[in-house]
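This report concerns only the one structure given below.
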Amino acid sequence: SMSTAVESSMYNNIQAMLRQAASSCNRGMLRWTLHKKAEKEPSNSILLIRVLVKELEKVEGLDNNMHIIPLLHTIFYVIIQSGHISGNLLQRVYECFKRLLTHPEPYCTIALKYIRSMKMEQITPGALYLRRVIAEHSLTNKYFPHQEKVVVFADPAVLSRALWQAVRADLEQACPSSDTLTKQRLVLLHILQAGLLKTCNGPILTQALEDLGEDVEQFFQEVVLAVEHSVENHVSVMRHSDSDKQVIHSLLCYFSSLCADPKAGDILSNAPLPSPAINFHLWTNEEELCESTLKNNQKPTVHCPTSLCLPGNLSFRQYVNQEDEGEEGGSKRVSLQSDENGKEKELPDMEMGEHSKPFTLSWLPCFRVKVKQQDHMWIKEEQNHTVHIVMMGDDRVLGRLAKALYYIRKQEAKQIMSTKRVNLEIYYVPVQNNLSLALFLGKIDPWYESNINSLGIVIPKLAVTSSHSRSSEPNHFLADVLSYYLRCGLQPVYFPLYSVKVRCFTNPDSLQFCFCPSIKHFGASGTGLETPNQPNRVLYVTPLFSQEIRTQNISIRILEDKTFNVCLDKDYRRTYTNVQSMEISPCLDPVNCIQTISKSEGTGLSKYFCKSLHLPINTFTGSHH
């Protein structure tokens with residue numbers, strides 16, 4: 001039969017994707033091909049998940065675990081795309097993921113994350129798709145305020161003008177700035193097809209949504225309310241008893257009557273998951289990345305440190321003294337922060353489902369306020385913003401990122417009470433082949449090697465292919481791979497950051513910088529410090545992706561009336577001349593070190609906190625060492 005032939009073709013593609021002999025680039029291309037098949041033909045997604053689960057069940061008991069990560073991410077990504085998977089198949093996937101909790105890191109961590117999302121999708125089909133589209137495109141609603149912003153920073157020193165223009169055009173064409181109603185129709189189509197299942201006639205349903213016109217907005221808001229109520233209360237949207245929660249049930253009944261066509265049979269319309277809204281920038285200004293991130297931190301109503309962006313534009317003192325007696329529902333005392341002595345804190349529920357982040361301890365100034373029920377949204381928004389920073393460049397981006405991250409943390413420490421913390425996720429996409437940083441990440445994470453490092457070959461060819469392409473339907477391979485990376489690459493690899501103090505002959509004051517270090521070699525062209533008479537000697541302080549040096553503090557000083565040059569992170573733009581001495585030590589996190597540790601050093605819980613600053617770069621596997 002046709003389905004058997006399709007399933008057999010998918011099986012062969014999956015085997016080729018998992019085969020060790022296949023090149024990394026081919027494995028990434030095969031993964032993309034499988035997801036495109038499920039996207040273009042919704043009925044293929046069920047067959048694809050069945051084949052993938054069979055493979056995962058085979059390898060979960062084997063000693064060789066290298067296939068688990070590709071299968072985990074590929075299965076989950078298909079589930080996000082498809083909203084009409086049967087409950088039995090979802091349960092089978094859930095049980096398979098659950099058995100992986102007994103595996104070591106990183107398999108159990110990734111499986112646990114996906115299990116939580118799978119449970120939500122079982123109770124509320126289509127919830128993952130709805131939340132993803134709302135967050136990535138900032139669709140206004142009152143019930144799921146999570147927002148995600150994607151910013152791509154490309155290094156113009158690495159990308160030619162023709163190349164970065166081609167990259168920007170490809171990303172913009174993949175996700176055109178269509179109107180909000182189009183995105184809302186996609187969400188409704190996905191949710192309703194998930195509810196109607198085999199009784200659905202996709203083309204009729206699509207036309208019915210088009211005929212609603214601007215009334216789609218009202219239906220969208222009601223569906224979001226029903227879905228979020230279902231997620232929070234762990235109750236299926238089909239079991240709501242309240243009249244205002246029956247909107248999905250009513251819509252399903254209405255559209256089911258429209259779609260009742262015995263001759264049509266089971267026909268599903270394509271509701272592809274749109275690529276995230278991506279902002280492309282050339283990283284010409286060192287401060288641009290910092291400004292882009294901190295702009296999302298700023299509370300819109302903050303004018304001075306005393307306003308604190310409290311509800312109703314009240315000052316801090318006015319809000320604390322405000323009496324809310326007689327208000328319906330009463331009031332709740334909330335401690336937003338705690339101090340180092342362990343004062344009691346009562347935090348509201350900030351559970352965000354698939355978007356929840358591990359809680360990080362930090363001891364910050366404490367204040368207590370009375371918060372009314374309608375003000376809970378203001379508190380919850382503290383963790384509802386994520387900025388995805390995608391770096392396109394060579395090895396030098398590591399040092400520039402280190403400098404930017406330190407500046408961001410420093411600004412957060414200065415304005416700790418007047419900014420809201422934004423979840424910052426950092427990604428790296430190489431634009432050349434065989435770069436040290438990309439090779440290092442590829443060794444840690446083979447799935448990163450297959451999907452992202454292959455872009456180091458694809459991107460340089462983009463300018464040529466885009467100029468010669470006459471296809472009316474471009475494949476947008478770059479945007480699709482980047483979307484997959486943003487959505488599934490959530491496991492960080494941490495790079496320790498160091499601080500370097502440089503004292504120059506021409507400046508009596510020492511200069512301090514942050515960089516991502518290790519000392520790879522001394523001197524240029526094999527020349528080291530032991531040959532001080534050579535005028536072009538340079539001390540290279542570069543990223544080192546090995547274990548050759550195991551030291552944290554380094555001090556170098558020229559005793560004679562001589563100088564040397566220092567180049568940080570292999571970046572000629574960070575070269576300092578006429579240096580007499582330098583000191584290298586771990587870079588401390590400005591936010592974690594903002595508080596003094598009381599009179600006796602190391603008392604309380606502070607002595608257990610890691611005050612060193614690390615640069616996290618996301619991959620599919622992460623580093624758990």
Side-chain angles (χ1 to χ4, degrees), residues 286-287 289-290 293 389 391 393-413 424 426 428 435-441 444 492-504 507 509-524 528-529 537-558 563-594 606-607 609-618 622-623 625:
E286 287 284 350
E287 288 74 30
L289 185 150
C290 307
T293 303
I389 302 295
M391 303 305 306
D394 55 14
D395 295 334
R396 292 174 290 182
V397 302
L398 203 59
R400 301 183 75 188
L401 272 174
K403 184 179 178 181
L405 179 63
Y406 180 78
Y407 178 81
I408 291 171
R409 298 292 284 170
K410 195 172 182 180
Q411 292 301 113
E412 287 180 343
L424 184 63
I426 301 176
Y428 173 65
L435 295 173
S436 299
L437 175 58
L439 291 174
F440 174 70
L441 293 175
I444 290 181
V493 173
Y494 292 97
F495 293 85
L497 301 187
Y498 278 68
S499 174
V500 55
K501 288 184 179 180
V502 176
R503 188 179 297 277
C504 300
N507 188 356
D509 298 326
S510 60
L511 306 175
Q512 187 167 352
F513 310 98
C514 177
F515 72 108
C516 190
S518 288
I519 298 179
K520 187 173 184 180
H521 61 277
F522 291 104
L529 292 179
R537 58 193 177 279
V538 179
L539 173 63
Y540 285 90
V541 185
T542 64
L544 177 65
F545 308 117
S546 68
Q547 301 296 325
E548 295 178 16
I549 297 180
R550 296 177 178 271
T551 184
Q552 288 188 326
N553 297 278
I554 299 175
S555 180
I556 300 174
R557 182 181 178 186
I558 298 295
T563 62
F564 58 94
N565 300 338
V566 174
C567 179
L568 299 179
D569 300 309
K570 293 168 61 175
D571 192 344
Y572 67 89
R573 293 166 293 189
R574 304 190 70 189
T575 301
Y576 305 93
T577 60
N578 298 320
V579 177
Q580 288 182 308
S581 65
M582 62 181 296
E583 298 177 3
I584 301 174
S585 60
C587 182
L588 301 181
D589 189 335
V591 174
N592 290 342
C593 298
I594 189 174
S606 293
K607 61 183 179 181
F609 295 165
C610 177
K611 292 185 172 60
S612 298
L613 185 61
H614 290 75
L615 173 65
I617 296 183
N618 283 2
S623 177
H625 301 289

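Predicted model, so just to flag it, every value in this text is computed and none were measured.
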Once you round to the nearest 0.5 Å, how far does CG of Leu613 lie from NZ of Lys410?
12.5 Å
Worked verdict on Phe564 versus Ile556 for side-chain contact (heavy atoms from CB on, under 4.5 Å):
CA-CA 11 Å; Phe564 58 94; Ile556 300 174; 4.2 Å; yes
Considering non-hydrogen atoms only, spot the tightest contact between Gln512 and Ser499 and give its length.
NE2-OG, 2.8 Å
So, Phe495 versus Phe440, ring centres under 6.0 angstrom or not?
yes
On the 0 to 90° scale, with breaks at 30° and 60°, tag the Tyr494-His614 ring pair as parallel, tilted or perpendicular.
perpendicular
Are the side chain of Tyr428 and the backbone N or O of Gly393 linked by a donor-acceptor pair below 3.5 Å?
yes
Is there side-chain contact between Lys403 and Cys514, with heavy atoms separated by less than 4.5 Å?
no
So, taking the atom named CG in Asp589 and the one named OG in Ser612, what distance separates them when rounded to the nearest 0.5 Å?
9.0 Å
For Glu583 and Ser555, work out which heavy atoms get closest and say how close.
CG-OG, 4.0 Å
Looking at Val579, is its backbone amide N or carbonyl O close enough to the side chain of Asn565 to form a donor-acceptor pair, meaning the two atoms are under 3.5 Å apart?
no
Rounded distance (nearest 0.5 Å) linking atom CG of Leu398 with atom CD1 of Ile426:
9.5 Å
If we only count heavy atoms from C-beta on, is the Leu405 to Pro616 side-chain gap below 4.5 Å?
yes
Does any non-hydrogen side-chain atom of Pro590 lie less than 4.5 Å from one of Tyr406?
yes
Give a yes or no answer on whether the side chain of Asp395 reaches the backbone of Leu437 with a donor-acceptor pair at less than 3.5 Å.
yes
Look up atom CE in Met582 and atom CG in Leu511, then write down how far apart they are to the nearest 0.5 Å.
11.5 Å
For a quick test of reading the model, state the closest non-hydrogen atom pair linking Thr575 to Cys567 and the distance between them.
OG1-SG, 3.7 Å
Hey, what do you get for CZ (Arg557) to CZ (Arg503), rounding to the nearest 0.5 Å?
9.0 Å
Side-chain contact test, heavy atoms from C-beta onward, threshold under 4.5 Å: evaluate it for Pro586 versus Asn553 and give yes or no.
yes
Separation between OH (Tyr498) and CD1 (Ile554), nearest 0.5 Å, reads 7.5 Å
